[in-house]
Protein chains: 2
Amino acid sequence: MLSHKARYAIRAVLYMAAEGDESKHFSVDRLAETLELPRAFLAKALQELARKGFISSLKGPNGGFYLTRVQRRRTFKELIVAIDGESLFEGCMLGLPECDTSQPCPIHASVAVMRQSLEYQFGLHTIEALAQTLRHSSMRI
Amino acid sequence: MLSHKARYAIRAVLYMAAEGDESKHFSVDRLAETLELPRAFLAKALQELARKGFISSLKGPNGGFYLTRVQRRRTFKELIVAIDGESLFEGCMLGLPECDTSQPCPIHASVAVMRQSLEYQFGLHTIEALAQTLRHSSMRI
DNA sequence: CGAAATAAAGACAAAGAAATCCTTTTTATT
DNA sequence: AATAAAAAGGATTTCTTTGTCTTTATTTCG
Ligand code: FES
Ligand code: FES
């Protein structure tokens with residue numbers, strides 16, 4: 001469903017969005033320790049997100065990763081797609097070269113219904129919205 | 001979403017369910033050629049399904065794979081779980097050790113909604129039902 | 001019985017994902 | 001300027017998935 005890279009990155013991003021702001025930065029070391037994730041692998045994932053503009057980073061002492069206000073307005077779906085690509089939201093689930101209603105595979109209709117739900121759930125919720133529910137209710141992360 | 005093994009197996013199973021019966025058997029060679037799938041890898045997947053009782057097999061001339069009437073009553077969800085395990089339907093999508101409503105992760109609610117849809121779509125449809133839509137409408141497989 | 005057709009099983013190879021390690025670059029602080 | 005704290009980048013290892021190849025077992029048919 002989600003790659004490990006995506007899971008790790010999402011957890012770190014939501015954690016930073018919930019706990020930090022533009023002036024509070026998080027080092028990979030701290031994130032990896034807090035969330036109990038493989039340090040170097042998480043670093044790669046976050047660097048990739050920084051390169052793609054989904055998060056910001058600063059080098060040097062007191063540096064680290066953080067999210068700007070603008071970056072918090074990206075949807076959760078955009079975040080997933082940035083790491084894992086569109087396969088969750090597009091393409092035939094049986095691997096046929098095309099996925100459309102004109103020549104669908106036997107599960108296309110079911111997949112379409114499920115994807116509408118996905119689209120609705122992940123396409124409307126921004127990172128900030130998820131961070132807010134995280135802040136206001138003692139959820140795990 | 002689905003592993004290649006699952007995709008290949010599902011396509012072969014639905015094809016056999018739609019085109020064959022208890023006395024019409026399909027060799028791996030023929031299935032692989034018809035569906036344009038890697039022969040040996042498909043063989044492994046089908047043998048696994050046969051071991052688990054989801055399909056039947058006969059050795060020797062005129063042997064091959066096929067589905068009994070009882071086997072056609074298994075749901076599509078059961079088929080997926082047999083190959084890929086429950087990860088699509090259970091467990092925290094962010095990788096947290098537990099997935100429950102008491103201490104959920106930030107996307108648990110969204111995931112639950114999506115899974116209800118999955119459950120409804122894949123948990124109610126039997127293999128036979130999908131095969132029938134395949135028979136009666138010129139879908140691809 | 002002998003030959004041919006088939007699934008079953010096992011060993012192996014290639015590719016990709018996950019994870020680690022080391023070096024370089026940037027920047028703040030002293 | 002020197003030092004230390006961080007991200008960035010690259011090389012390498014390990015594990016899993018995907019895929020191939022070869023051999024064995026079973027069954028049918030002449
Ligand atoms: S054609 Fe297979 S999911 Fe759309
Ligand atoms: S707790 Fe994460 S999906 Fe349920």
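Proteins come first, then strands; the chains are lettered A, B, ... in the order of their sequence lines, and each starts at number 1.
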Asker: Distance from A:L94 atom CG to A:C105 atom SG, nearest 0.5 Å?
Answerer: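 It comes to 4.0 Å.
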Asker: Does any N or O in the side chain of B:R74 come within less than 3.5 Å of the main-chain N or O of B:F54, such that one atom is a donor and the other an acceptor?
Answerer: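 Such a contact is absent between B:R74 side chain and B:F54 backbone.
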Asker: Expressed in angstrom and rounded to an integer, what is the separation of B:H25 atom NE2 from D:dT26 atom P?
Answerer: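 Checked: the NE2 to P distance equals 19 Å.
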Asker: Per the side-chain contact (heavy atoms from CB on, under 4.5 Å) rule, which among A:L31, A:L2, A:L37 passes with A:Y8?
Answerer: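 Of the listed options, the one satisfying the test is A:L37.
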Asker: Side chains of B:S27 and B:D29: donor-acceptor distance under 3.5 Å anywhere?
Answerer: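 Judged by distance alone, the side chains do not pair up.
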Asker: To the nearest angstrom, how far is A:Y66 atom OH from D:dA7 atom C1'?
Answerer: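 Rounded to the whole Å, the gap is 12 Å.
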Asker: Regarding A:E128 and A:R135, does a basic nitrogen lie under 4.0 Å from an acidic carboxylate oxygen?
Answerer: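 Salt bridge: yes.
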Asker: Atom NE2 of B:H4 and atom P of D:dT16: how far apart are they, to the nearest Å?
Answerer: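 So the two atoms are 18 Å apart, to the nearest Å.
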Asker: Before giving the answer on side-chain contact (heavy atoms from CB on, under 4.5 Å), spell out for B:Q71 and B:I127 the whole-Å C-alpha distance, their side-chain angles and the decisive distance to 0.1 Å.
Answerer: CA-CA 8 Å; B:Q71 286 166 336; B:I127 291 174; over 6 Å; no
Asker: Does any residue of residues 33-59 of chain A have a heavy atom under 4.0 Å from DNA chain D, and if so, which ones, in number order?
Answerer: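 When residues 33-59 of chain A is checked for heavy atoms under 4.0 Å from DNA chain D, the hits, listed by number, are A:K44, A:Q47, A:R51, A:S57, A:L58, A:K59.
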Asker: Can you see if the side chain of A:Y8 gets near the phosphate of C:dA19 - specifically, an N or O under 4.0 Å from OP1 or OP2?
Answerer: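 So the side chain of A:Y8 is within the cut-off, an N or O lying under 4.0 Å from OP1 or OP2 of C:dA19.
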Asker: If I take atom NZ in residue A:K5 and atom P in nucleotide C:dA19, what distance separates them, rounded to the nearest angstrom?
Answerer: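 A:K5 atom NZ is separated from C:dA19 atom P by 12 Å.
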Asker: In this structure, how many angstroms lie between the P atom of C:dA19 and the CZ atom of A:R7, rounded?
Answerer: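 Nearest whole value for this atom pair: 10 Å.
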